[in-house]
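Note sheet for the following structure.
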Amino acid sequence: MKRNLLLAGLLMSAACSATQYPLQVTDLDGNRIRLDYEPQHVILQDGRDVLALALLDRDNPFRRVVAWNNLQKKQDTQTWGLLKQRWPQAMNIVDMGFNDQGQVNLESVLAQKPDLMIAQLRAKSALQQSGVLETLKGLHIPVLFIDYELHPKENTQRSVALLGKVLNREQEASDYTAFYQRRLQQLDAAIAQVVQEPTVFIEPIAGNSDSCCFTHGHNGWGGLVEAVGGKNIGSALLLGNAGFVSLEKIIAMKPDVYIMTGSKRPNPSVLPFGYNTTAQEASAIFSSLLNRTGLKQITPVEKGRVYSVYHHFYNHPYNIIGMEILAKDLYPQPFARLDPTADFHYIVTHFTRLPDAPVTLSYP
């Protein structure tokens, strides 16, 4: 009898945690969206969001995906290799070819009968200008905007929670956001004790261009620098979200710390971080990048306060690890014992079914 009561209680608990449809939610753009049933045919405007789905549809994050912009294949080849090895069906999913102008191969996408598009908030204007949003609206295909890039500290947990609600994976989302919140509180508490705000120049995808120096404003890596209490030079110099600033400007602003980002790409000049890469590989590229014309005049290059980090934490639900790495770079003493790589492996092993492969996330 007791066993039956316990079983009944467990079943009731499971039922209470399930999302009830029809469902109305508000996305990160403030739009009210109605879903009549649990989405089963999903478009990913930004293919990196499959790593958010890995937190939710753990056995197979591609289970619902019928079309995506496969940015891993273009920009993070080691992650793509890992994903297609673990879930081979990923190779057969329609790559919709979304670009910065919002151009999408809609005909091939719509042939998959999608019932939801998940899109990054930063892409809204491109999707509007290209007419994609209007087309999907006319076909009654809802678009759900989430955000890790424009306001990473404020919106990452909200985005994961929203996806958990919409996809009937609320418990999985709650498990991850609770971990994220604990780590964020620990960072905030330690940073609050620091007296000075370090000035930081961050160069995303260092080595991808012959020109120095590309950077982010308040969003992306600039937003992550600000999330850990740094003063981001790009935020002061750029009118938009990203762009090039002159080397002379950087030298004049005397940053305390210089940070470069990278990932394994077809371009061998870019810092090779990510899965199945080594610190030795990163070291050689790191040294060559420091020898670019004029960089030795920048204060942190002279003083040995140059660091590098895996690029894709800037638009990634695991960006708490990027924040931890930045915190170690900006405040070496308070965070001497912090181990971001161990925390990354914890995420992979406790919240996903991704292979727990060797990974290099920063250098030195």
- Message: On a heavy-atom basis, which atom in Gly294 and which in Leu247 lie closest, and how many Å separate them?
- Response: CA-CD2, 3.5 Å
- Nearest heavy-atom neighbours spanning Gly223 and Pro152: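 It is C-CG, 3.9 Å.
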When you measure from the side chain of [X] to the backbone of [Y], do you find a donor-acceptor pair of N or O atoms at a distance under 3.5 Å?
X	Y	result
Thr215	Ile202	yes
Lys165	Ala161	no
Lys84	Ala90	no
Asn291	Ser287	yes
Ser263	Gln75	yes
Glu281	Thr278	yes

- Name the one of Leu290, Ile233, Val200, Leu295 that satisfies side chain to side chain contact (heavy atoms under 4.5 Å, CB included) with Tyr258? Leu295
- Item | Asn69, Leu150, Asp49, Leu127 screened by side chain to side chain contact (heavy atoms under 4.5 Å, CB included) with Gln120, the one that passes | Asp49
- Evaluate the criterion side chain to side chain donor-acceptor pair (under 3.5 Å) for residue pair Glu38 and Thr19; output intermediate values, then yes/no. CA-CA 8 Å; Glu38 180 181 330; Thr19 301; over 6 Å; no
- Should the pair Tyr176 and Phe351 be assigned to parallel (<30°), tilted (30 to 60°) or perpendicular (>60°) ring geometry? perpendicular
- Under the side chain to side chain donor-acceptor pair (under 3.5 Å) rule, what pairs show up with a residue in residues 355-364, not counting sequence neighbours?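 Output for this query lists Ser283-Tyr363, His345-Asp356.
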Once salt bridge (charged side-chain N to carboxylate O under 4.0 Å, His left out) is applied, what residue pairs with a partner in [range] remain, sequence neighbours excluded?
range	answer
residues 230-248	none
residues 296-305	none
residues 339-349	Arg183-Asp343
residues 124-151	Asp29-Lys124, Arg122-Glu149

Could you tell me which residues satisfy ring pair (Phe, Tyr, Trp, His ring centres under 6.0 Å) with [X], sequence neighbours excluded, listed by chain and number?
X	answer
His350	Tyr346
Phe145	none
Phe313	Tyr310, His316
Phe244	Phe214

- Task: Flag yes if Phe179 and Leu224 sit in one hydrophobic cluster, no otherwise; membership is Ile, Leu, Val, Met, Phe, Trp, Tyr, and two members link when side-chain heavy atoms are under 4.5 Å apart.
- Result: yes
- Message: If hydrophobic clusters are built from ILVMFWY residues whose side chains come within less than 4.5 Å, do Ile33 and Leu56 share one?
- Response: yes
- Task: Report the C-alpha distance between Lys249 and Leu237 in whole Å, list the side-chain angles of each, state the deciding distance to 0.1 Å, and finish with yes or no for side-chain contact (heavy atoms from CB on, under 4.5 Å).
- Result: CA-CA 9 Å; Lys249 279 280 189 182; Leu237 296 180; 4.1 Å; yes
Nearest 0.5 angstrom please: [X] [atom1] to [Y] [atom2], how far?
X	Y	atom1	atom2	value
Arg48	Asn315	CZ	CG	4.5 Å
Asn168	Gln171	CG	CD	11.5 Å
Gln78	Phe273	CD	CZ	13.0 Å
Lys73	Asp95	NZ	CG	7.0 Å
His311	Asn208	NE2	CG	9.0 Å

Have [X] and [Y] got a donor and an acceptor in their side chains that come within less than 3.5 Å?
X	Y	answer
Gln112	His41	no
Tyr180	Asn319	yes
Arg158	Thr156	no
Thr352	Arg58	no
Glu203	Thr261	no

Are the side chains of [Y] and [X] in contact, using a 4.5 Å heavy-atom criterion?
X	Y	value
Leu35	Pro142	yes
Tyr318	Leu51	yes
Val359	Phe344	yes
Tyr37	Asp115	yes
Leu44	Val42	yes
Asn31	Thr26	no
Val109	Ile43	yes
Val270	Ile285	no

- Query: Which residues pass the side chain to side chain contact (heavy atoms under 4.5 Å, CB included) test with Pro358, sequence neighbours left out?
  - Reply: Asn276
- By side chain to side chain contact (heavy atoms under 4.5 Å, CB included), Asn60 pairs with (sequence neighbours left out) Phe62, Arg63, Trp87, Gln89
- Query: Should we count CD of Gln186 as having more than 12 external heavy atoms under 6.0 Å?
  - Reply: yes
- Flag yes if more than 12 heavy atoms outside Glu107 fall under 6.0 Å of its CD atom; otherwise flag no.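 Counting other residues, nucleotides and ligands, CD of Glu107 stays at 12 neighbours or fewer.
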- Message: Checking Met260 against Leu271 for the side-chain contact (heavy atoms from CB on, under 4.5 Å) test, could you report, in this order, the C-alpha distance in whole Å, the side-chain angles of both residues, the deciding distance, and whether it holds?
- Response: CA-CA 8 Å; Met260 300 181 284; Leu271 283 160; 3.7 Å; yes
- Item | Worked verdict on Thr199 versus Asn232 for side-chain contact (heavy atoms from CB on, under 4.5 Å) | CA-CA 6 Å; Thr199 299; Asn232 178 48; over 6 Å; no
- Message: Do the side chains of Asp76 and Lys264 get close enough for a salt bridge, i.e. N-O under 4.0 angstrom?
- Response: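 Salt bridge absent between Asp76 and Lys264.
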- Task: Could you go through the side-chain contact (heavy atoms from CB on, under 4.5 Å) check for Met96 and Gln45 one step at a time?
- Result: CA-CA 8 Å; Met96 63 186 190; Gln45 170 268 317; 4.0 Å; yes
- Set of salt bridge (charged side-chain N to carboxylate O under 4.0 Å, His left out) partners for Asp188, sequence neighbours left out: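 Counting only residues at least two positions away or on another chain, Asp188 forms a salt bridge (charged side-chain N to carboxylate O under 4.0 Å, His left out) with Lys153.
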